[in-house]
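Residue indices begin at 1 and follow the sequence shown.
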Amino acid sequence: MPSFPKPTKAEIQAAYGKTVPDIIAPNLNVLFCGINPSIYSAAVGYHFARPGNRLWKTLHAAGFTPRLFHPSEDRELLSLGLGMTNIGERATARADELSKEELLAGRQTLEQKIRHYQPKVLAILGITAYRTAFHQPKAVIGRQAHGLHGAILWVLPNPSGLNAHYQVNDLARVYAEMKQFSDG
């Protein structure tokens, strides 16, 4: 299985504020949008790379990937019609380190990406960040009533290991609901 060298504590700490490049192309089936990169992800340069993050297991269990991908294979998502971006670009140790202003500014940047790349579905991975960035304080997980520049908007639970409300099986079930819709 592919891998990357485990970053040192110093390398992880030095990654504060760094970015992880988007994995994006025109007309994707689904553009997954995280809250912001972890400092671990920024240190290694791959999305959702922290060992406790469950995104890759969830994507496989939900049927988005034909096998379990390693974070170092994140660019291979493009061949499956999938991409990745974030609301906030700045890497932090915890998503709650982003200010409301950063989330609101990130939404504007995200809107520009959606207008330009025109994905079929935009999947925001994190209900709390979505509520703040999109001024939807009562939003719930699932398809949203409004879209975004032609993209269907879907909010999914964040796959971080810090999100104890959802185990991998629960995440996979909710992500698979969106997949069934996006495939149809």
Tell me, yes or no, whether the heavy-atom count around R50 atom CZ, taken from other residues, nucleotides or ligands under 6.0 Å, exceeds 12.
no
Euclidean distance, Q167 CD relative to K57 NZ, rounded to 0.5 Å:
11.0 Å
From CD (Q118) to CG (L31), nearest 0.5 Å
11.5 Å
Please determine whether residues V20 and I12 belong to a single hydrophobic cluster, defined as Ile, Leu, Val, Met, Phe, Trp and Tyr linked transitively by side-chain heavy-atom distances below 4.5 Å.
no
Min side-chain heavy-atom separation V30-W154 under 4.5 Å
no
Donor-acceptor pair, side chain of E97 and main chain of R94, under 3.5 angstrom
yes
Heavy-atom closest pair, residues A93 and Y16
CB-OH, 3.0 Å
For residues E102 and R90, determine if any side-chain heavy atom of one lies less than 4.5 Å from a side-chain heavy atom of the other.
yes
To the nearest 0.5 angstrom, please state how far the CG atom of L55 sits from the CG atom of N158.
9.0 Å
Minimum side-chain heavy-atom gap W56-D74 below 4.5 Å:
yes
How long is the straight-line distance from CG of L122 back to CG of L148, given to the nearest 0.5 Å?
6.0 Å
For the OG1 atom of T109 and the CD1 atom of I114, what is their distance to the nearest 0.5 Å?
11.5 Å
Nearest heavy-atom contact between H47 and S41 is C-OG, 4.0 Å
Heavy-atom closest pair, residues P7 and E11:
CA-OE1, 3.1 Å
4.5 Å side-chain heavy-atom contact, V121 and R143:
no
Considering all heavy atoms of both residues, which atom of P159 and which atom of L125 are nearest to each other, and what is their separation?
CD-CB, 4.2 Å
Side-chain polar contacts of residues 78-89 - donor-acceptor pairs under 3.5 angstrom, sequence neighbours left out - could you list them?
{"from": "S79", "atom 1": "OG", "to": "E76", "atom 2": "O", "distance (Å)": "2.7"}
{"from": "T85", "atom 1": "OG1", "to": "D22", "atom 2": "OD1", "distance (Å)": "2.8"}
{"from": "T85", "atom 1": "OG1", "to": "D22", "atom 2": "OD2", "distance (Å)": "3.3"}
{"from": "T85", "atom 1": "OG1", "to": "K113", "atom 2": "NZ", "distance (Å)": "2.8"}

If you look at every heavy atom in A91 and A15, which pair is closest and at what distance?
CB-O, 3.6 Å
Please evaluate residues F32 and F48 with respect to the criterion ring-ring contact (aromatic ring centres under 6.0 Å, His included), reporting the C-alpha separation (whole Å), side-chain torsions for both, the decisive distance (0.1 Å), and the verdict.
CA-CA 11 Å; F32 291 100; F48 297 93; 8.5 Å; no
Side-chain touch C33/L110, heavy atoms, less than 4.5 angstrom
yes
Going by atom type alone, with no hydrogens or angles, which donor-acceptor pairs under 3.5 Å involve a side-chain atom of residues 171-178 and a protein atom two or more places apart or on another chain?
{"from": "Y175", "atom 1": "OH", "to": "P157", "atom 2": "O", "distance (Å)": "2.8"}

Can a donor-acceptor pair be found, under 3.5 Å and without considering hydrogens, that links the side chain of H70 to the backbone of A49?
no
Are any non-hydrogen side-chain atoms of L156 and T58 less than 4.5 angstrom apart?
no
Which residues share a ring pair (Phe, Tyr, Trp, His ring centres under 6.0 Å) with F134, sequence neighbours left out:
Y130
Do you know which two heavy atoms are closest between A95 and I35, and how far apart they sit?
CB-CG2, 3.7 Å
